[in-house]
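Working notes for the structure below.
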Amino acid sequence: MAHVNRVLRSINDEAALRCVDIFLRPDGTIGFEEYRRDVEDGRGWFPVGGHSSRIFHGESAALAAAIGDVPWLRRVVGSP
């Protein structure tokens with residue numbers, strides 16, 4: 001069976017065209033990724049951040065890193 005990450009938190013931008021997912025890997029580590037979607041493209045969300053391989057040992061650490069690296073996220077959730 002292929003590994004499946006479990007999304008712990010998904011945060012959308014104001015227009016719901018970008019999101020950041022904080023996820024739990026099967027090995028117990030935490031990660032995050034930024035995604036975008038185009039309304040006219042029904043295929044769904046596409047990763048754009050290149051962050052998914054980064055490893056964190058807690059959800060709050062991943063969120064703090066995401067806030068530091070994804071500019072629009074600061075507007076949505078504020079500073080850590």
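Here R9 contributes atom CZ and I11 contributes atom CD1; the two are 4.0 Å apart, rounded to the nearest 0.5 Å. With values rounded to the nearest 0.5 angstrom, E34 atom CD is found 5.0 Å from R18 atom CZ.
A continuous path of ILVMFWY side-chain contacts below 4.5 Å connects I30 to V77, so both sit in one hydrophobic cluster. Under a hydrophobic-cluster definition in which Ile, Leu, Val, Met, Phe, Trp and Tyr are linked whenever side-chain heavy atoms come within less than 4.5 Å, directly or via other members, F56 and L73 are assigned to the same cluster.
Using a 4.5 Å heavy-atom cutoff, the side chains of V20 and I22 are in contact. Side-chain contact check for F32 versus D69: some heavy-atom pair is nearer than 4.5 Å.
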Using residues 57-67 as the side-chain source, report each donor-acceptor pair under 3.5 Å to any protein atom, sequence neighbours left out, with the distance given to one decimal.
none

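Formation of a donor-acceptor pair under 3.5 Å by the R36 side chain with backbone atoms of V48 is not found in this model. Judged by distance alone, the side chain of D21 and the main-chain N or O of F23 form no donor-acceptor pair under 3.5 Å. The backbone N or O of P47 lies less than 3.5 Å from no partner atom in the side chain of E33, so there is not a single donor-acceptor pair. Side chain of R37 to backbone of C19: no donor-acceptor contact under 3.5 angstrom is found.
No hydrogens or angles considered: nothing links the side chains of E14 and W72 as a donor-acceptor pair under 3.5 Å.
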